[in-house]
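A short write-up of the structure that comes next.
Each chain gets a letter, A, B and so on, in the order its sequence line appears, and its residues count up from 1. These figures come from a predicted structure and were not determined experimentally.
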2 protein chains.
Amino acid sequence: MATRTDLSVEPRTPLSRERVLRAAIALADERGIESLSMRKLGQELGVEAMSLYNHVANKEEILNGMVDVVVSEINDAVSAADAPFGDWTTAMRRRILSAREILLRHPWAPGVIESRTNMSMPMLGYFDSVIGLLRDAGFSIDQTHHALHVLGSRILGFTQELYEDSDEPDPEAMAIFIQQMAGTYPHLTEMAKQISHDEATTLRGCDDQVEFEFALDLMLDGLERLRDPA
Amino acid sequence: MATRTDLSVEPRTPLSRERVLRAAIALADERGIESLSMRKLGQELGVEAMSLYNHVANKEEILNGMVDVVVSEINDAVSAADAPFGDWTTAMRRRILSAREILLRHPWAPGVIESRTNMSMPMLGYFDSVIGLLRDAGFSIDQTHHALHVLGSRILGFTQELYEDSDEPDPEAMAIFIQQMAGTYPHLTEMAKQISHDEATTLRGCDDQVEFEFALDLMLDGLERLRDPA
DNA sequence: ACCTGAACACCGTTCAAGT
DNA sequence: ACCTGAACACCGTTCAAGT
């Protein structure tokens with residue numbers, strides 16, 4: 001009982017670049033990106049921090065690798081959901097929303113993606129297919145370039161969250177805030193009042209998914225108008 | 001010559017919260033936000049790092065304060081440029097572009113703003129006036145809320161830069177890249193080719209100001225259509 | 001070939017001690 | 001009231017030494 005008999009099956013899986021990346025992603029998913037240090041990652045793998053350097057050059061390369069794994073996941077998802085018919089807006093819409101689904105499972109990814117300075121192959125592949133979709137729809141190269149800037153990070157399924165609503169709605173604190181700030185920030189309080197009123201139905205400050213799709217559709221509409229000038 | 005006579009004028013200006021923040025902003029502007037450590041900031045002020053804690057609670061509060069200074073700068077600029085006539089799109093356009101002008105002088109600001117978790121008074125004031133502008137233009141509260149999500153960080157004058165083009169254009173490396181990647185990423189190379197061709201005129205990969213304004217105008221058009229449905 | 005311990009140069013921050 | 005030195009608990013990373 002005290003000793004494992006079948007040593008050949010689980011003989012302390014050897015370290016590898018892939019295993020390091022998988023562990024890093026799991027750690028960031030579960031405990032947040034700020035918990036990802038070389039020492040803690042080593043600990044998670046039952047190894048000293050210094051051993052990691054046998055498989056990755058440095059922490060920066062771990063972050064690069066983590067992004068690549070996630071973007072590859074996105075590439076697989078969108079190419080699986082590829083349908084060769086329908087207009088380009090619905091194709092783009094579906095693609096972006098499935099990218100978003102994946103990124104929602106990796107809350108650290110947007111920040112890390114943003115901090116990368118070099119394009120990796122999975123990322124190049126993703127953008128190449130997005131550009132292809134727009135070109136096939138009839139956009140000129142210039143228009144396609146503009147479209148990428150319009151959609152921005154939304155192409156990958158995320159947007160900059162200016163002050164994400166705190167996890168706790170805390171209607172009482174909100175009520176106090178509204179009362180105190182009514183004089184100083186009349187327009188803001190008016191809006192906060194309505195949002196906290198709607199809260200009964202949506203349970204949160206605002207429904208991020210709804211807002212994401214609203215903004216996405218507005219941009220796709222604007223681009224569609226650009227493509228085929230009346 | 002060796003001794004300063006007029007000691008009363010520059011008798012080693014006493015430390016203060018304001019002086020700490022000003023030095024922090026100057027340091028981040030000149031040497032990048034990654035150079036902003038308590039020890040280096042103290043050094044810049046001719047003081048030990050630990051002295052800073054007499055004027056700010058911790059580094060987090062320094063970052064909060066830096067953002068507040070910059071956002072106050074934006075508030076001053078937009079209220080100075082306030083004109084009570086013209087349609088809402090031109091008013092919003094001017095406001096956002098002058099915010100952008102200020103943020104371009106503080107390259108660290110977008111990242112730090114994004115990492116804040118609490119709204120400060122200057123930030124609340126800025127958003128209140130943006131909301132007021134939209135409400136006065138006739139948008140409903142819901143529409144105004146959507147508009148904020150559509151514009152996102154663009155309201156403050158910046159957007160997430162997915163891979164900012166490296167500072168050095170390096171046309172030779174670009175040519176090699178294009179040749180190597182042509183088979184794998186056909187659409188991307190087609191676009192890169194055109195961009196590096198235009199480079200003669202624009203001197204950079206792409207003109208960020210032009211792209212920012214293009215995206216902004218597309219969004220303002222989309223919102224305007226929403227406000228007054230035909 | 002892979003893993004380790006000790007060490008280095010950095011962090012933010014606390015605290016008792018100085019003036 | 002303000003500043004300081006020493007110290008603590010953390011970082012990423014190097015390197016000589018182990019097996």
Side-chain angles (χ1 to χ4, degrees), chain A residues 7-8 10-68 108 111-118, chain B residues 7-8 10-68 108 111-118:
Chain A
L7 285 168
S8 64
E10 271 201 318
R12 189 199 202 201
T13 327
L15 225 48
S16 70
R17 186 185 142 87
E18 204 207 317
R19 228 161 79 74
V20 169
L21 294 183
R22 275 214 309 266
I25 290 173
L27 185 59
D29 284 349
E30 285 157 28
R31 298 224 285 268
I33 192 69
E34 74 282 355
S35 299
L36 180 65
S37 74
M38 299 302 272
R39 284 170 172 85
K40 282 185 197 149
L41 182 53
Q43 201 173 311
E44 210 75 13
L45 288 159
V47 105
E48 297 300 313
M50 303 75 200
S51 305
L52 301 173
Y53 288 89
N54 285 307
H55 303 95
V56 291
N58 47 36
K59 189 179 182 181
E60 206 61 8
E61 198 188 293
I62 292 181
L63 294 172
N64 287 334
M66 292 168 73
V67 168
D68 284 354
W108 49 270
V112 175
I113 289 172
E114 204 190 346
S115 70
R116 298 306 83 199
T117 83
N118 285 316
Chain B
L7 285 170
S8 64
E10 271 200 319
R12 187 197 205 206
T13 327
L15 225 46
S16 68
R17 185 185 143 88
E18 203 206 318
R19 228 161 81 74
V20 169
L21 294 183
R22 274 213 311 264
I25 290 173
L27 185 60
D29 284 350
E30 285 157 29
R31 297 224 286 270
I33 191 69
E34 74 282 355
S35 299
L36 180 65
S37 74
M38 300 301 272
R39 282 169 172 85
K40 282 186 195 147
L41 182 54
Q43 201 173 313
E44 210 76 12
L45 287 160
V47 105
E48 297 300 315
M50 302 74 199
S51 305
L52 301 173
Y53 289 88
N54 286 307
H55 302 95
V56 291
N58 46 36
K59 190 179 180 180
E60 206 60 8
E61 198 188 294
I62 293 181
L63 293 172
N64 288 333
M66 292 167 73
V67 169
D68 284 354
W108 49 270
V112 176
I113 289 173
E114 203 190 345
S115 70
R116 298 307 84 200
T117 82
N118 285 316

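Rounding to the nearest 0.5 Å places NZ of B/Lys40 at 10.0 Å from CD of B/Glu44. Separation of atoms CG (B/Leu41) and CG (B/Leu52) is listed at 5.0 Å; rounding is to 0.5 Å. Expressed to the nearest 0.5 Å, how far CG of A/Leu63 lies from CD of A/Glu61 amounts to 10.5 Å.
Judged purely by atom type and a 3.5 angstrom limit, A/Asn64 has no side-chain atom pairing as donor or acceptor with the backbone of A/Val67.
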*asked:* side-chain contact (heavy atoms from CB on, under 4.5 Å), that's the test. Do B/Met38 and B/Ile62 meet it? Break it down for me.
replied: CA-CA 10 Å; B/Met38 300 301 272; B/Ile62 293 181; 3.8 Å; yes
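Looking at DNA chain D, the stems built from 3 or more consecutive Watson-Crick or G-U wobble pairs, each pair with its key distances under 3.5 Å, are C:4-8 with D:12-16, C:12-16 with D:4-8.
For B/Asn54 and C/dA17, the CG to P distance is 17 Å, given to the nearest whole Å. B/Leu45 places its CG atom 16 Å from the C1' atom of D/dT4, with the value rounded to the nearest Å. B/Glu48 has its CD atom 15 Å from the P atom of C/dT19, to the nearest Å.
For D/dC3, the OP1/OP2 oxygens have a side-chain nitrogen or oxygen of B/His55 closer than 4.0 Å. Between C/dC2 and A/Ser51, no contact under 4.0 Å exists linking OP1 or OP2 to a side-chain N or O.
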*Per-nucleotide protein contact string for nucleotides 9-16 of chain C, where B marks a base within reach and S marks sugar-phosphate only (heavy atoms under 4.0 Å, - for neither)*: --BBBB--
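Contact check on A/Glu18 versus A/Arg22 returns a salt bridge, with a Lys/Arg side-chain nitrogen under 4.0 Å from an Asp/Glu carboxylate oxygen.
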